[in-house]
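Keep in mind it's a predicted model, so treat the numbers as computed, not measured.
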Amino acid sequence: MIHSSIGPMPASIYAYATFRPLNIFGFQVLSKRLLPTGASETGSTNKRTSLSFSTASANKPRGGLPRFYSEVLPTGKDKIVRIEGDEFWHMTKALRLGVQDRVELFNARGGLVEGVVLRVERSSAEIVALEEPLLLTPTGVQWHVFAAFGTLKGGRADWLIEKCTELGASSVTPLLTERSTLISENRVDRWQRVMLAATKQCQRLHQMVVKTPTRIECILPQIETSSISFLAMAEAKPIVEVLPKMDKKDGGLLIVGPEGDFTDKEVRALTEAGAIPVGLGPCRLRVETATIALLAAAMLWDDAQHIDT
């Protein structure tokens with residue numbers, strides 16, 4: 001027999017646990033269901049008991065309150081916004097949140113507010129703000145990724161977008177090169193959705209910008225004006241040797257070529273504009289692997305510079 005355990009209850013909610021048999025993969029186990037004080041369980045019907053708003057929540061996960069994206073945030077305390085679409089489905093179907101459950105709303109532009117579910121309807125939910133919304137400005141480094149990943153298949157491009165978001169890239173721009181010439185518009189739309197999901201998962205308040213595909217000649221002026229630009233290149237000096245020689249920077253450009261790499265003409269144009277070739281080890285890397293390796297090295301280096309100060 002397996003018994004689940006729970007930690008101490010918040011002081012503002014006194015609850016007890018009842019054991020309920022569950023059949024999971026053919027095994028009978030007992031799980032604990034928390035019931036608010038004064039609530040009872042009758043038969044197999046689970047009735048939601050009305051509670052006053054509280055500063056504690058039994059639905060609060062280990063990493064904090066569940067967070068949902070909302071283009072529009074409440075303008076102040078006690079103001080209400082409506083959540084619809086995918087976020088409503090995630091809130092009510094995937095996480096099974098309901099009336100009186102506390103949540104966080106963010107707008108991916110630095111806005112954040114804590115609220116509580118006031119009403120759940122057929123296709124939307126109303127959230128009332130429990131506090132004045134916060135507006136936080138971006139902090140840390142601003143690395144902009146330019147990678148020729150448009151030809152990647154089997155979810156590899158999605159993985160690249162997801163991991164760049166988690167690592168803290170400021171933007172990702174798909175590069176069009178002689179060996180990566182076309183990216184369909186519907187893929188860019190999908191990458192926007194992948195980015196937003198990763199933003200929620202990693203608790204970023206400012207979304208990474210997924211830009212429209214661009215050609216190499218269009219980024220040359222950015223390289224010329226950027227404080228630093230790294231170009232991933234086979235047989236170049238390892239990045240771990242290049243980084244310690246660099247002055248402290250607040251970010252820059254990270255450039256990764258397509259499968260088959262850049263052509264000699266493209267490499268010449270990039271380096272003449274000011275991009276610094278850097279190596280990522282002795283092995284041949286896929287586009288997505290090289291992108292994440294370069295971004296991770298740059299982020300960790302810049303973080304170390306800020307810790308030193």
Side-chain angles (χ1 to χ4, degrees), residues 61 63 66-71 83-91 93-95 104 106-109 138 140-216 218-219 230-232 251-262 280-281 283-300:
R67 182 176 291 181
F68 302 93
Y69 171 75
S70 176
E71 178 69 22
I83 302 298
E84 301 175 317
D86 291 344
E87 294 298 276
F88 169 74
W89 187 92
H90 185 209
M91 179 185 297
K93 306 301 182 184
L95 298 184
E104 281 184 339
F106 79 111
N107 61 6
R109 299 187 301 277
V141 296
Q142 303 292 311
W143 288 108
H144 301 275
V145 175
F146 294 82
F149 62 94
T151 59
L152 301 186
K153 296 179 175 62
R156 290 162 56 196
D158 292 359
W159 185 87
L160 182 149
I161 292 292
E162 180 183 78
K163 301 313 171 188
C164 283
T165 303
E166 293 177 8
L167 284 171
S170 180
S171 69
V172 169
T173 303
L175 272 183
L176 299 177
T177 72
E178 291 187 24
R179 293 172 176 153
S180 178
T181 58
L182 183 65
I183 298 176
S184 61
E185 187 174 337
N186 63 335
R187 293 198 77 188
V188 178
D189 292 340
R190 173 176 174 79
W191 293 335
Q192 293 282 359
R193 296 193 295 272
V194 171
M195 176 276 300
L196 181 58
T199 299
K200 293 168 54 181
Q201 185 275 329
C202 70
Q203 299 284 288
R204 285 183 63 162
L205 290 181
H206 296 85
Q207 68 181 5
M208 181 185 75
V209 179
V210 181
K211 297 188 176 181
T212 56
T214 189
R215 299 190 176 279
I216 284 184
C218 296
I219 72 169
F230 288 134
L231 169 62
L253 311 185
L254 305 176
I255 307 165
V256 180
E259 294 181 332
D261 214 339
F262 291 118
L280 299 173
C283 298
R284 178 182 297 175
L285 303 180
R286 292 180 179 270
V287 176
E288 66 274 25
T289 309
T291 301
I292 299 308
L294 182 57
L295 175 60
M299 292 290 295
L300 290 172

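To the nearest 0.5 Å, the span separating CE on M208 from CD on E162 amounts to 10.0 Å. With values rounded to the nearest 0.5 angstrom, L253 atom CG is found 9.0 Å from T173 atom OG1. With rounding to the nearest 0.5 angstrom, the CG atom of L205 is 8.0 Å from the CD atom of E104. To the nearest 0.5 angstrom, Q207 atom CD is 9.0 Å from N107 atom CG. A distance of 9.5 Å separates CD1 of I161 from CZ of R187, quoted to the nearest 0.5 Å. How far CE of M195 is from SG of C164: 12.0 Å, rounded to the nearest 0.5 Å.
Counting heavy atoms from C-beta outward, W191 and V172 have side chains that stay 4.5 Å or more apart. Between E71 and R109, the closest side-chain pair of non-hydrogen atoms falls below 4.5 Å. By the 4.5 Å heavy-atom criterion applied to side chains, I219 and L175 are counted as neighbours. Between V210 and S171 the shortest side-chain heavy-atom distance does not fall below 4.5 Å. Side-chain contact between F262 and L231 is present, with heavy atoms from C-beta onward closer than 4.5 Å. The shortest side-chain heavy-atom distance between F106 and K200 falls under the 4.5 Å cut-off. Between I216 and T177 the shortest side-chain heavy-atom distance falls below 4.5 Å. Side-chain contact between F149 and V256 is absent, with no heavy-atom pair separated by less than 4.5 Å.
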Task: Step-by-step side-chain contact (heavy atoms from CB on, under 4.5 Å) determination, L152 to W159 - done: CA-CA 10 Å; L152 301 186; W159 185 87; over 6 Å; no
TODO: Apply the test side-chain contact (heavy atoms from CB on, under 4.5 Å) to residues Y69 and T199: give CA-CA distance (whole Å), side-chain angles for both, the deciding distance (0.1 Å), then the verdict.
DONE: CA-CA 9 Å; Y69 171 75; T199 299; over 6 Å; no
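Aromatic ring orientation, F68 versus H90: perpendicular (interplanar angle above 60°, classes split at 30° and 60°).
In summary, E178 and R215 do not engage in a salt bridge, as defined by a charged side-chain N under 4.0 Å from a carboxylate O.
Smallest separation of non-hydrogen atoms from S170 and H144: OG-CE1, 3.3 Å. Looking at every heavy atom in both residues, G257 comes nearest to D261 through CA-OD1, 4.4 Å.
For R190, the CZ atom is loosely surrounded, since the number of other residues' heavy atoms within 6.0 Å does not exceed 12.
In this structure, R179 contributes its side chain and P258 its backbone to no donor-acceptor pair below 3.5 Å.
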